[in-house]
Amino acid sequence: MCGIVGLVGTSAINQRLYDALTVLQHRGQDAAGIATSGESGLCVRKASGLVRDVFQQQHMLELKGNAGIGHVRYPTAGCDGASEAQPFYVNSPYGICLAHNGNLTNAAELAEVLTREDRRHLNTGSDSEVLLNVFASELQRIGTPRVTPADVFAALEAVYRRCRGGFAVVAMVIGHGIVGFRDPNGIRPLVLGERDTPHGKEWMLASESVALDILAFRLVRDVAPGEAVLIDEAGRLHSHQCVASSRHTPCIFEYVYFARPDSKIDNISVYRARMRMGDRLAEKLLRERPNHDIDVVIPIPDTSRTSALQLAQRLGLKYREGFTKNRYIGRTFIMPGQQQRQKSVRSKLNAIDLEFRGKNVLLVDDSIVRGTTSAQIIELAREAGAHKVYFASAAPPVRYPNVYGIDMPAAHELVASGRSVEEVMRLIGADWLVYQDLDDLIAACRHEDSQIEEFDTSCFSGQYVTGDVTPQYLERLQRERSDEAKQRGRGALKIVHGG
């Protein structure tokens with residue numbers, strides 16, 4: 001998962017891009033980049049590391065211009081160096097920078113065609129660079145001296161014909177403006193905001209609405225599935241439906257884990273969705289164990305807090321903060337290797353023994369992926385003196401890899417893959433384990449104002465909404481995504497998703 005932002009302002013936008021990336025940092029902590037365009041031409045700064053470490057004062061001073069894009073990336077298989085940091089750039093035609101969140105499911109085939117037929121050279125193994133070159137190739141075919149909105153949209157219609165998967169993109173065509181577009185199923189999020197200034201209107205695109213909020217932009221709407229928007233350098237907004245969307249299926253894992261609770265995605269409040277997850281989970285718990293002996297509900301910080309508090313209130317139980325979190329440790333779900341993930345859990349969390357000693361505790365987490373983190377947290381609770389440790393997941397069992405931009409591991413590394421709930425319970429060391437039902441999760445994320453009827457639930461259901469995910473593709477993905485492959489393939493050139 002990655003975070004993207006694009007901005008066309010009436011004054012220098014370097015600081016605002018930086019600020020936006022800091023609030024999107026939860027979407028990727030491996031690398032960051034900003035590209036701006038102005039009278040002095042193109043300015044780019046990107047490197048591995050957190051936003052605060054990548055951009056120092058001298059870099060910010062060099063990022064001049066009133067238009068720009070930014071990106072934060074998390075590590076993926078074969079994608080661990082500064083060369084894969086985004087935005088990517090090609091100088092022909094016009095000069096184009098691109099930042100991408102998602103995954104092209106046909107990236108390998110596209111890369112081969114780009115090299116053989118389009119005569120374009122790829123410098124990395126990132127599918128984001130593949131997407132950039134497809135866009136550049138199609139724009140070059142049009143061949144006008146100065147690109148128009150109609151030219152951009154015609155090129156993007158061809159991009160949609162060629163590219164498959166889940167993606168949200170911001171691109172900057174140097175001297176012309178900022179482009180944003182979203183996959184035909186709307187799997188990956190992209191929102192549009194505006195702000196009035198004394199010198200005119202400013203526009204912003206971002207992965208989450210919270211990035212608009214902190215910069216005082218008004219959320220206008222979500223970019224529609226299959227839609228492209230162009231904000232020219234004069235601040236005029238152009239939009240075009242490049243391809244019809246037959247199914248709008250946003251990724252449900254955004255609401256479970258990735259997005260910040262203060263964001264809205266497709267007009268659904270992430271915070272409210274997580275509250276409803278807590279309600280549904282409480283109802284299931286009462287169905288399964290009406291005579292439970294739970295003394296206290298404790299969330300595993302931070303993402304599960306909203307669901308855990310709502311669950312505790314519905315059950316009439318005490319809610320306590322039993323773990324203290326080191327804020328300077330990254331999210332373990334997106335740590336690049338298993339050994340580093342295991343080491344980071346005890347560095348990140350410390351149990352407050354007064355909340356555990358002699359009690360039957362219900363730990364609530366947003367999801368269980370590999371299970372190793374859950375097992376270590378349960379062990380921490382027992383070491384703190386818990387009598388019994390129950391575990392609840394606000395999401396269903398994760399049994400299948402995600403192919404649309406979340407670097408979930410190979411299927412054999414998912415603890416619930418091929419295992420029953422009881423088997424998972426024993427593996428993680430819980431006295432009882434309850435998962436959210438998929439129907440309840442979908443119901444929790446739905447809202448009457450959103451008009452969203454279905455979601456991409458592939459990591460829970462194994463049903464891939466784009467219809468092009470074959471067993472052969474999943475086998476190849478498993479070879480590339482396993483922890484062994486990540487250790488073996490550092491620096492190797494292979495097609496991986498870069499967003």
Side-chain angles (χ1 to χ4, degrees), residues 1-7 17 20-21 23-24 26-28 33 35 69-74 76 86-88 96-105 107 126-132 134-135 152-153 156 159-160 163-172 178-193 203-212 219-231 239-243 245 247-255 258-260 263-268 270 402-407 452 455-456 465-466 497-499:
M1 186 62 60
C2 298
I4 58 175
V5 59
L7 208 155
L17 287 173
L21 291 182
V23 298
L24 296 175
H26 60 284
R27 301 184 69 88
I69 62 175
H71 185 269
V72 287
R73 186 196 77 192
Y74 78 97
T76 59
Q86 298 183 42
F88 285 117
I96 306 172
C97 286
L98 180 142
H100 163 227
N101 171 31
N103 179 39
L104 300 184
T105 55
S126 171
D127 69 338
S128 303
E129 191 188 11
V130 170
L131 182 53
L132 168 60
V134 172
F135 179 36
V152 171
F153 296 141
L156 286 174
V159 170
Y160 278 104
C163 297
R164 299 194 303 268
F167 50 86
V169 176
V170 290
M172 178 168 62
I178 301 293
V179 181
F181 58 99
R182 192 178 180 195
D183 66 83
N185 292 96
I187 299 171
R188 299 268 65 88
L190 188 64
V191 297
L192 173 69
W203 293 94
M204 182 174 172
L205 292 157
S207 293
E208 296 182 31
S209 63
V210 64
L212 308 180
L219 174 61
V220 175
R221 60 181 177 86
D222 296 85
V223 175
E227 182 191 20
V229 298
L230 168 65
I231 306 151
S239 65
H240 178 68
Q241 191 68 37
C242 295
V243 61
S245 175
R247 297 175 66 191
H248 187 179
T249 54
C251 175
I252 205 164
F253 218 76
E254 289 280 355
Y255 304 95
F258 270 108
R260 277 181 41 151
S263 284
K264 281 187 176 181
I265 297 175
D266 289 309
N267 210 30
I268 298 171
V270 176
N402 183 287
V403 304
Y404 300 125
I406 301 176
D407 192 36
I452 303 295
F455 297 85
D456 167 51
V465 296
T466 54
H497 73 260

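Keep in mind that the numbers below use all heavy atoms, side chains included, and drop hydrogens, waters and symmetry copies.
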**Student:** Applying side chain to side chain contact (heavy atoms under 4.5 Å, CB included) between Val229 and each of Val179, Val220, Leu205, report the one that passes.
**Tutor:**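 Answer to the side chain to side chain contact (heavy atoms under 4.5 Å, CB included) test with Val229 among Val179, Val220, Leu205: Leu205.
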**Student:** In Å, rounded to the nearest 0.5 Å, how long is the span from CG of Asp222 to CD of Glu227?
**Tutor:**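 If I round to the nearest 0.5 Å, the distance is 10.0 Å.
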**Student:** Taking atom CZ of Arg221 and atom CG of Asn267, what is their separation to the nearest 0.5 Å?
**Tutor:**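 Spacing of CZ (Arg221) from CG (Asn267) equals 12.5 Å.
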**Student:** Grab the two heavy atoms, one from Cys163 and one from Leu104, that are nearest each other, plus how far apart they are.
**Tutor:**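 So the two residues come closest at CB-CD2, 4.1 Å.
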**Student:** How far does CD1 of Ile265 sit from CG of Leu190, to the nearest 0.5 angstrom?
**Tutor:**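 One gets 10.5 Å once the value is rounded to the nearest 0.5 Å.
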**Student:** As a test of understanding, state which of Arg27, Arg188, Lys264 forms a salt bridge (Lys or Arg N to Asp or Glu O under 4.0 Å) with Glu208.
**Tutor:**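 Testing each of Arg27, Arg188, Lys264 against Glu208, the sole residue satisfying salt bridge (Lys or Arg N to Asp or Glu O under 4.0 Å) is Arg27.
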**Student:** Tell me whether Glu254 contacts the main-chain N or O of Arg260 through its side chain, where contact means a donor paired with an acceptor under 3.5 Å.
**Tutor:**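 Not a single qualifying donor-acceptor pair exists.
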**Student:** Is there a donor-acceptor pair under 3.5 Å between the side chain of Asp266 and the backbone N or O of Ile268?
**Tutor:**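 No, because the side chain of Asp266 does not come within donor-acceptor range (under 3.5 Å) of the backbone of Ile268.
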**Student:** Using side-chain contact (heavy atoms from CB on, under 4.5 Å), reason through Phe135 and Ile96 one step at a time and then give a plain yes or no.
**Tutor:** CA-CA 9 Å; Phe135 179 36; Ile96 306 172; 4.1 Å; yes
**Student:** Between the main-chain N or O of Ile4 and the side-chain N or O of Ser207, is there a donor-acceptor pair closer than 3.5 Å?
**Tutor:**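 Such a contact is found between Ser207 side chain and Ile4 backbone.
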**Student:** Nearest 0.5 Å, what's the CG-CD1 distance between Leu7 and Ile231?
**Tutor:**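 Atom-to-atom, Leu7:CG and Ile231:CD1 are 8.0 Å apart.
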**Student:** Quick check: does any side chain N or O of Asp127 sit under 3.5 Å from a backbone N or O of Ala107, one acting as donor and the other as acceptor?
**Tutor:**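 The answer is no, because no donor-acceptor pair under 3.5 Å joins these two groups.
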**Student:** Which heavy atom of Gly165 sits nearest to which heavy atom of Ile187, and what is that distance?
**Tutor:**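 What the structure gives for the nearest pair is O-CD1, 4.4 Å.
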**Student:** Return yes if some donor-acceptor pair links the side-chain N/O of Asn101 with the main-chain N/O of Cys2 below 3.5 Å, else return no.
**Tutor:**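 Yes; at least one donor-acceptor contact below 3.5 Å.
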**Student:** Fit a plane to each ring of Phe181 and Phe167, take the angle between them on a 0 to 90° scale, and name the class: parallel (under 30°), tilted (30 to 60°) or perpendicular (over 60°).
**Tutor:**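 The arrangement is perpendicular - the two ring planes meet at more than 60°.
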**Student:** Can you tell me how far the NE2 atom of His240 sits from the CG atom of Leu230, to the nearest 0.5 Å?
**Tutor:**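 These two atoms lie 12.0 Å from each other.
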**Student:** Could you tell me which non-hydrogen atom of Leu212 sits nearest to which non-hydrogen atom of Val191, and how far apart they are?
**Tutor:**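 Result for this residue pair: CD1-CG2, 3.9 Å.
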**Student:** Minimum heavy-atom separation for Pro225 to Gly186, with atom names?
**Tutor:**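 The answer is CB-N, 3.6 Å.
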**Student:** Can you check whether Asp456's main-chain N or O pairs, donor with acceptor, with Tyr404's side chain at less than 3.5 Å?
**Tutor:**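 No, Tyr404 side chain to Asp456 backbone: no donor-acceptor pair under 3.5 Å.
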**Student:** If we ignore hydrogens and angles and just use 3.5 Å, is the side chain of His248 paired with the main-chain N or O of Ile452 as donor and acceptor?
**Tutor:**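 Checked: no pair found.
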**Student:** Check whether any side-chain N or O of Asn185 sits under 3.5 Å from a backbone N or O of Thr249 as a donor-acceptor pair, and report yes or no.
**Tutor:**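 Here the side-chain-to-backbone pair does not exist.
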**Student:** Please name the pair of heavy atoms, one in Ile406 and one in Cys251, separated by the smallest distance, quoted to 0.1 Å.
**Tutor:**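 Scanning both residues completely, I find the closest heavy atoms to be CD1-SG, 3.8 Å.
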**Student:** Distance check, rounded to the nearest 0.5 Å: Leu131 atom CG versus Ser126 atom OG?
**Tutor:**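 Reported value, rounded in 0.5 Å steps: 9.0 Å.
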**Student:** On a heavy-atom basis, which atom in Val72 and which in Gly28 lie closest, and how many Å separate them?
**Tutor:**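 Shortest heavy-atom separation between Val72 and Gly28 comes out as CB-O, 3.6 Å.
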**Student:** Under the 3.5 angstrom rule, does the side chain of Gln86 hit a backbone N or O of His100 as a donor-acceptor pair?
**Tutor:**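 Checking the backbone N and O of His100 against the side chain of Gln86, a donor-acceptor pair under 3.5 Å is found.
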